[in-house]
Amino acid sequence: RLEIRHEHFVSERLEDLLRSLRVEIEPRGGPIVLLATLSGELHGLGMHMAGLVTALCGFTPRVLGTDTPNEEIAKAAKEAGASAVAISISLATGGVKTDRILADLRGRLPEQTRLVVGGRGARGVRRGPRGVDYVTDLEDLERWLEALVE
């Protein structure tokens with residue numbers, strides 16, 4: 001029987017592996033995509049998987065990490081000149097409240113900075129706020145990134 005400590009241990013090991021793979025292939029000079037989770041979201045595995053896909057697609061991922069306030073995400077995006085901000089949302093935190101937080105984040109970002117959201121808790125059947133793109137899986141993220149440079 002797997003318990004919380006087991007899940008945490010495996011998640012940390014996988015995140016270490018994903019970080020090391022990403023750093024090895026990370027392009028220099030590609031468009032910047034900032035990756036984070038919202039305040040209260042402590043699950044970062046999806047964010048790290050998205051970071052690896054981002055690097056594989058020729059973008060420069062900048063991972064802020066989990067539990068990041070909107071104000072800090074927006075400031076980091078502006079400072080880095082990010083082309084996009086990618087947010088990972090788990091089932092643990094997804095819902096209508098998350099939609100309000102995403103709408104607030106969209107309003108804080110420069111107009112030209114794209115905002116993409118993915119993860120099991122990203123949207124479900126809800127419509128979601130304006131100006132936010134949703135991806136359903138990592139292949140969908142790859143297609144979204146390819147369209148970003150077209």
Side-chain angles (χ1 to χ4, degrees), residues 2 6-94 98-99 101-106 108-124 126-150:
L2 294 178
H6 302 115
E7 177 199 351
H8 285 197
F9 177 75
V10 170
S11 291
E12 288 297 320
R13 295 303 303 225
L14 288 171
E15 287 177 13
D16 289 346
L17 174 64
L18 292 168
R19 279 185 194 100
S20 66
L21 291 171
R22 187 186 74 238
V23 168
E24 285 185 33
I25 63 166
E26 198 169 279
R28 305 290 180 243
I32 295 170
V33 176
L34 198 70
L35 296 105
T37 73
L38 302 173
S39 288
E41 175 67 73
L42 301 176
H43 297 87
L45 191 55
M47 173 188 62
H48 288 288
M49 290 188 292
L52 182 58
V53 169
T54 300
L56 286 167
C57 288
F59 289 80
T60 302
R62 298 275 170 89
V63 178
L64 285 182
T66 60
D67 192 24
T68 311
N70 279 356
E71 182 178 336
E72 296 301 318
I73 295 170
K75 285 180 181 178
K78 290 174 189 172
E79 289 171 4
S83 297
V85 172
I87 301 294
S88 177
I89 301 173
S90 73
L91 279 175
T93 59
T98 300
D99 290 344
I101 295 168
L102 288 169
D104 175 72
L105 176 58
R106 176 66 267 172
R108 292 173 183 264
L109 292 172
E111 190 175 316
Q112 72 275 12
T113 303
R114 301 284 298 273
L115 177 58
V116 63
V117 179
R120 299 281 317 259
R123 183 174 60 187
R126 297 180 319 279
R127 184 176 191 166
R130 289 179 182 242
V132 178
D133 299 327
Y134 290 87
V135 294
T136 56
D137 55 32
L138 294 172
E139 288 177 354
D140 200 17
L141 174 63
E142 183 178 356
R143 286 188 293 274
W144 185 88
L145 288 165
E146 288 170 356
L148 192 62
V149 293
E150 292 177 353

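FYI, side chains are in, hydrogens and waters are out, and symmetry mates aren't considered; it's all heavy atoms of this structure.
- Rounded to the nearest 0.5 Å, atoms CG (Asn70) and NZ (Lys75) are 12.0 Å apart.
- For Glu142, the side-chain hydrogen bond (donor to acceptor under 3.5 Å, both in side chains) test picks out no residue, with sequence neighbours left out.
- A pairwise comparison of heavy atoms in His43 and Ala92 identifies CE1-CB, 3.9 Å as the closest pair.
- Using a cut-off of 4.0 Å between Lys/Arg side-chain N and Asp/Glu carboxylate O, Glu26 and Arg28 are scored as salt-bridged.
- Atom CD of Glu139 has 12 or fewer heavy atoms from other residues, nucleotides or ligands within 6.0 Å.
- Distance check, rounded to the nearest 0.5 Å: CE of Met49 to CD of Glu15 gives 9.5 Å.
- Ala77 approaches Leu34 most closely through the heavy-atom pair N-CD2, 3.5 Å.
- The CG atom of Leu145 sits 10.0 Å away from the OG atom of Ser83 when rounded to the nearest 0.5 Å.
- Remark: Asp16 CG to Arg19 CZ distance equals 5.5 Å, nearest 0.5 Å.
- When side chains are defined from C-beta on, Leu42 does not count as touching Thr93, because their heavy atoms never get closer than 4.5 Å.
- Shown here for Ala84 and Leu148, the closest heavy-atom pair between the two residues is CB-CD2, 4.0 Å.
- Met47 CE to Thr54 OG1: the interatomic distance, rounded to the nearest 0.5 Å, is 11.0 Å.
- Under the 4.5 Å side-chain criterion, counting only non-hydrogen atoms from C-beta, Leu45 is in contact with Leu18.
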Derivation of the side-chain contact (heavy atoms from CB on, under 4.5 Å) call for Leu2 and Val10: CA-CA 11 Å; Leu2 294 178; Val10 170; over 6 Å; no
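- The shortest heavy-atom contact between Leu102 and Leu115 is O-CD2, 4.1 Å.
- For the pair Glu72 and Thr68, the tightest heavy-atom approach, listed with the atom from each and the gap, is CB-CG2, 4.1 Å.
- Between Glu41 and the options Thr98, Ile89, Ile101, Asp67, a side chain to side chain contact (heavy atoms under 4.5 Å, CB included) holds for only Ile89.
- Taking each heavy atom of Pro61 and Leu35 in turn, the nearest pair found is CB-CD1, 3.6 Å.
- Every residue meeting the side-chain hydrogen bond (donor to acceptor under 3.5 Å, both in side chains) condition with Arg114, not counting sequence neighbours, appears here in chain and number order: Asp133.
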